[in-house]
Number of protein chains: 4
Amino acid sequence: MTLRRRIYLTLEPTEKGGILERIFELLLIIIIILNIVAIVCESIKDFHQEYAHFFHKFEVFSVIFFTIEYVCRVYSIVENKRFEHPVAGRLKFMGTPMAVIDLMAFVPFYLTFLPVDLRFLRIFRLMGLFRMFKVARYMHALSMFKKVLYDRREQLVLSLIFILFILVIISTTMYYVEREAQPDKFTSIPATMWWGITTLTTVGYGDMVPITTLGRFLGGLFAITGVGLLALPAGILSSGFFEMMHRPRSRKCPHCGEQVWGD
Amino acid sequence: MTLRRRIYLTLEPTEKGGILERIFELLLIIIIILNIVAIVCESIKDFHQEYAHFFHKFEVFSVIFFTIEYVCRVYSIVENKRFEHPVAGRLKFMGTPMAVIDLMAFVPFYLTFLPVDLRFLRIFRLMGLFRMFKVARYMHALSMFKKVLYDRREQLVLSLIFILFILVIISTTMYYVEREAQPDKFTSIPATMWWGITTLTTVGYGDMVPITTLGRFLGGLFAITGVGLLALPAGILSSGFFEMMHRPRSRKCPHCGEQVWGD
Amino acid sequence: MTLRRRIYLTLEPTEKGGILERIFELLLIIIIILNIVAIVCESIKDFHQEYAHFFHKFEVFSVIFFTIEYVCRVYSIVENKRFEHPVAGRLKFMGTPMAVIDLMAFVPFYLTFLPVDLRFLRIFRLMGLFRMFKVARYMHALSMFKKVLYDRREQLVLSLIFILFILVIISTTMYYVEREAQPDKFTSIPATMWWGITTLTTVGYGDMVPITTLGRFLGGLFAITGVGLLALPAGILSSGFFEMMHRPRSRKCPHCGEQVWGD
Amino acid sequence: MTLRRRIYLTLEPTEKGGILERIFELLLIIIIILNIVAIVCESIKDFHQEYAHFFHKFEVFSVIFFTIEYVCRVYSIVENKRFEHPVAGRLKFMGTPMAVIDLMAFVPFYLTFLPVDLRFLRIFRLMGLFRMFKVARYMHALSMFKKVLYDRREQLVLSLIFILFILVIISTTMYYVEREAQPDKFTSIPATMWWGITTLTTVGYGDMVPITTLGRFLGGLFAITGVGLLALPAGILSSGFFEMMHRPRSRKCPHCGEQVWGD
């Protein structure tokens with residue numbers, strides 16, 4: 001076995017991956033999780049000041065690690081039938097979502113060395129979040145959710161459009177009803193949409209609340225509507241889960257020629 | 001083919017509509033969506049002041065477009081078997097919900113030229129919202145929702161009556177319990193209903209909250225009741241969706257004469 | 001037909017009730033609804049002051065009407081096989097829930113003439129709410145809800161006990177965690193339960209909110225727990241509705257001797 | 001029958017337990033519930049001051065009762081086949097969750113006599129909560145919930161990981177978006193997670209709310225996402241309940257050799 005094949009098999013383990021593959025997979029997951037923990041903890045002022053040095057070291061280590069990982073992936077990917085061609089295959093691989101996520105995990109760090117405006121640096125910092133998505137590669141189990149979302153995509157998109165449609169209507173109405181009583185809060189229709197979303201989703205922060213009698217009457221109607229609207233996607237997802245778990249395989253009964261439900 | 005038939009087929013395309021029909025449909029949808037965007041954006045002060053001229057031009061264009069569209073629809077509708085009669089048919093068509101919506105999309109604009117009180121003008125402005133409903137014509141896919149709502153209409157109406165009944169009871173009780181502690185908030189039973197709705201729907205803005213011990217005890221009971229009440233319409237809608245997606249067509253088994261579930 | 005039988009049939013119409021029965025039923029429902037409307041409207045100060053005279057007149061009329069109705073019911077009930085005995089049967093009838101509700105609809109009014117403490121008068125006033133429950137007699141359609149609640153009563157009671165158990169645990173914990181940071185809000189465990197209920201039901205008024213780090217961490221865990229807990233009764237009710245609507249009648253297949261689902 | 005066997009049968013009654021066993025079971029449940037009530041009531045200042053003496057007496061009584069119960073359980077457990085060995089069997093029993101809970105119900109009380117820091121005493125006090133869990137032994141009926149949770153454990157854990165993942169992403173994003181506008185509220189990513197949880201669970205206390213336009217736009221998206229996310233565990237639990245209640249037993253049809261649904 002060539003070294004390239006060895007690397008390929010380690011990075012993209014098949015079902016029956018050996019011990020080496022498993023160890024590397026675990027190592028990568030741990031480093032990703034530590035990166036997420038680092039991003040979260042670094043935002044705490046006291047932590048940041050005290051452990052700034054340590055955080056920086058871990059950052060550098062992670063970036064080097066992810067860079068090497070990415071280079072190895074691009075180098076060895078030609079072992080895969082789908083990306084066989086030395087140049088075209090590798091470019092094709094680099095365009096896959098997972099490869100882009102892998103690239104975004106370390107590129108922003110290098111960009112901070114460019115002589116650009118400091119304000120951009122902050123955005124690069126935020127892009128460290130992309131490291132989180134690297135973990136998606138290992139969440140095989142999420143495939144169930146993805147499948148339900150995919151199966152029901154049409155109805156879900158329709159629900160969202162429908163919810164958006166209702167949102168525009170109730171926000172426009174509420175804007176015209178409340179803007180005179182609370183001109184500082186219901187400043188425009190998009191601003192009123194914030195009220196609309198918090199009401200339709202039943203979050204109800206309470207920072208924007210109708211105070212006129214008509215506004216409260218309509219607000220009450222909209223809140224009840226919201227509960228019904230939320231039942232749409234919830235019902236769609238529930239029935240999707242149910243169907244997937246209990247998918248009855250219908251077969252032709254060899255005796256009576258009818259479809260029968262069963263295993 | 002006469003011009004009238006040509007117009008009719010363009011405005012009311014059948015399943016196998018040609019390119020012209022598709023282009024017109026798309027154009028109409030785009031203009032409607034742009035109208036919705038305009039209504040929303042115009043409410044933002046900065047936008048309104050800067051682009052007032054542009055908004056007005058687009059308004060005039062839309063009204064002319066919708067007027068012509070409406071006139072064409074009424075002119076050509078006699079091609080439809082259901083509205084064959086030149087006068088009675090056209091009047092019958094003008095009474096259909098979609099035609100009324102189409103009319104309301106532009107009539108308010110013309111009414112602003114009437115020498116009426118300025119306060120009414122604002123209401124006409126709000127009626128621009130009717131343009132939004134024009135899009136309903138193209139949301140064929142919403143038929144699934146409509147069907148579930150229609151199938152379950154009895155149970156949904158019952159749930160609403162039941163929720164209203166509970167709402168009156170808890171609001172009346174809470175009013176008598178809290179009105180002495182918070183006479184400025186729990187001013188009357190209808191005012192307390194605002195609290196009742198935000199609690200039953202679990203929105204919970206927090207602008208009206210019981211503060212007495214008895215009020216909080218009852219409020220807690222009502223909140224739990226609310227969760228159960230919300231489960232009623234949600235359960236009804238969920239089971240409605242489920243049924244529609246998995247509607248098992250029962251057939252008579254030719255062998256044993258029994259009903260069997262299957263395709 | 002005796003007058004007593006005539007009255008009995010008018011008050012307790014069977015399926016094939018005649019026109020007189022239907023008119024009386026409708027009249028009673030209208031008077032009940034008007035009473036509910038009166039209770040609600042009377043609480044609005046301006047309404048109350050302006051129409052005090054009218055409200056009082058309607059009150060007197062309603063009480064007389066309900067009194068006559070009640071007397072007629074008790075007088076004629078012996079026509080019913082279940083309450084045949086002139087004395088024992090009538091007393092038995094007066095003990096049924098619907099008869100008690102009918103009695104409570106007018107008795108409080110008469111009690112206001114007793115020379116009792118004025119504070120009690122207010123409670124009698126509140127008892128006017130019992131008139132609302134008179135409408136329950138005519139909500140035949142609510143029987144579906146009652147049936148689901150009855151079918152699932154064991155699981156629902158268990159859910160409530162379980163939710164109460166969790167509520168005590170999270171409120172006790174949160175009380176000890178937050179009482180030092182907010183001694184004026186988290187004053188005792190029962191007071192903290194108000195926070196617990198608004199969190200578990202996701203109402204979230206925001207009048208009591210943990211502010212310590214530990215309190216917020218635990219509060220977050222409890223909020224997620226609450227969502228899961230709410231799914232218990234919601235899931236139970238949903239499956240109850242579903243079962244009732246799609247109750248598959250299993251029959252023995254005369255051919256193969258197996259149970260087959262179908263109509 | 002030896003005394004040890006007598007004690008064993010009283011403490012661990014089988015299905016057909018006699019009157020003595022039932023009385024003891026009831027007595028224990030009542031003492032546990034009284035303990036829970038005592039913990040809750042003691043936290044009310046007025047109650048505590050007035051009945052301090054009584055609460056202390058009940059505390060001492062409960063601890064003695066629970067101590068004797070525990071000693072009896074450990075003494076008699078060797079009658080059980082699983083814990084036969086006089087020493088190893090008893091130690092094994094003492095390691096079971098229920099035995100640990102029983103121990104924790106009274107040990108903290110004795111520890112308060114140790115000459116330790118007073119601050120620890122408070123923690124021991126809180127451990128009185130463990131007495132609540134003693135009731136778990138008698139909630140046989142909760143087994144249905146446990147079963148659904150167990151059946152769906154994989155999907156529920158996955159949902160929680162998924163929700164946690166989304167929570168980290170939205171909190172990190174919102175932190176960077178809002179920290180400049182509200183540096184006193186959105187102080188760090190973990191602090192922003194409090195906002196994230198209250199939004200995803202639709203609790204929405206309103207103590208932390210985005211105020212920037214971008215923050216509100218993202219907040220609205222996250223709120224809608226949250227509703228979808230909540231539908232995941234809710235749908236899983238609902239389908240779990242449904243499956244358990246309607247578990248169709250598929251059998252082989254002796255006639256046609258196919259699986260048929262039925263009883």
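Protein chains get the first letters and strands the later ones, always in sequence-line order, with residue 1 at the start of each. Quick note: numbers below take in every heavy atom, side chains included, and nothing from hydrogens, waters or symmetry partners.
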Counterpart residues, side-chain contact (heavy atoms from CB on, under 4.5 Å), relative to B:Gln182 (two or more places apart):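 Only B:Glu178, B:Asp184, B:Lys185, B:Phe186, B:Ile211 meet the side-chain contact (heavy atoms from CB on, under 4.5 Å) criterion with B:Gln182.
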Residues that A:Thr96 engages under side-chain contact (heavy atoms from CB on, under 4.5 Å), provided they are two or more places apart: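 Scan of A:Thr96 (side-chain contact (heavy atoms from CB on, under 4.5 Å), adjacent residues dropped) gives A:Phe83, A:Phe93, A:Ala99.
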With a 4.5 angstrom heavy-atom cut-off, which part of [X] approaches chain B: side chain, backbone, both or neither?
X        : result
A:Met208 : backbone
A:Val209 : side chain
A:Thr187 : backbone

Stepwise side chain to side chain donor-acceptor pair (under 3.5 Å) test for A:Thr198 and B:Tyr205: CA-CA 9 Å; A:Thr198 58; B:Tyr205 290 121; 5.5 Å; no
At what distance, to the nearest 0.5 angstrom, does [atom1] of [X] lie from [atom2] of [Y]?
X        : Y        : atom1 : atom2 : value
A:Tyr176 : B:Ile39  : OH    : CD1   : 7.0 Å
A:Ile169 : B:Ile36  : CD1   : CD1   : 8.0 Å
B:Thr201 : A:Leu200 : OG1   : CG    : 10.5 Å
A:Ile224 : B:Leu167 : CD1   : CG    : 7.0 Å

Side chain, backbone, both or neither of B:Leu156 within contact of chain A (heavy atoms, under 4.5 Å):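 Neither part; nothing is under 4.5 Å.
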Heavy-atom count check: over 12 atoms from other residues, nucleotides or ligands less than 6.0 Å from [X] [atom1]?
X        : atom1 : result
B:Phe47  : CZ    : no
A:Tyr150 : OH    : no
B:Phe58  : CZ    : yes

Close side-chain approach of B:Pro190 and A:Phe217, heavy atoms under 4.5 Å: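 They are not in side-chain contact.
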Top contributor to chain B interface from A:Ser188, A:Gly219, A:Ser159 [non-hydrogen pairs under 4.5 Å]: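 Of A:Ser188, A:Gly219, A:Ser159, A:Ser188 has the most heavy-atom pairs under 4.5 Å with chain B.
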Nearest atoms (heavy-atom pairs only) where B:Trp194 meets A:Pro210: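 Closest approach of B:Trp194 to A:Pro210, heavy atoms only: CH2-CG, 3.5 Å.
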Contact summary for B:Ser43 and A:Ile189, nearest pair of heavy atoms: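 Scanning both residues completely, I find the closest heavy atoms to be OG-N, 2.6 Å.
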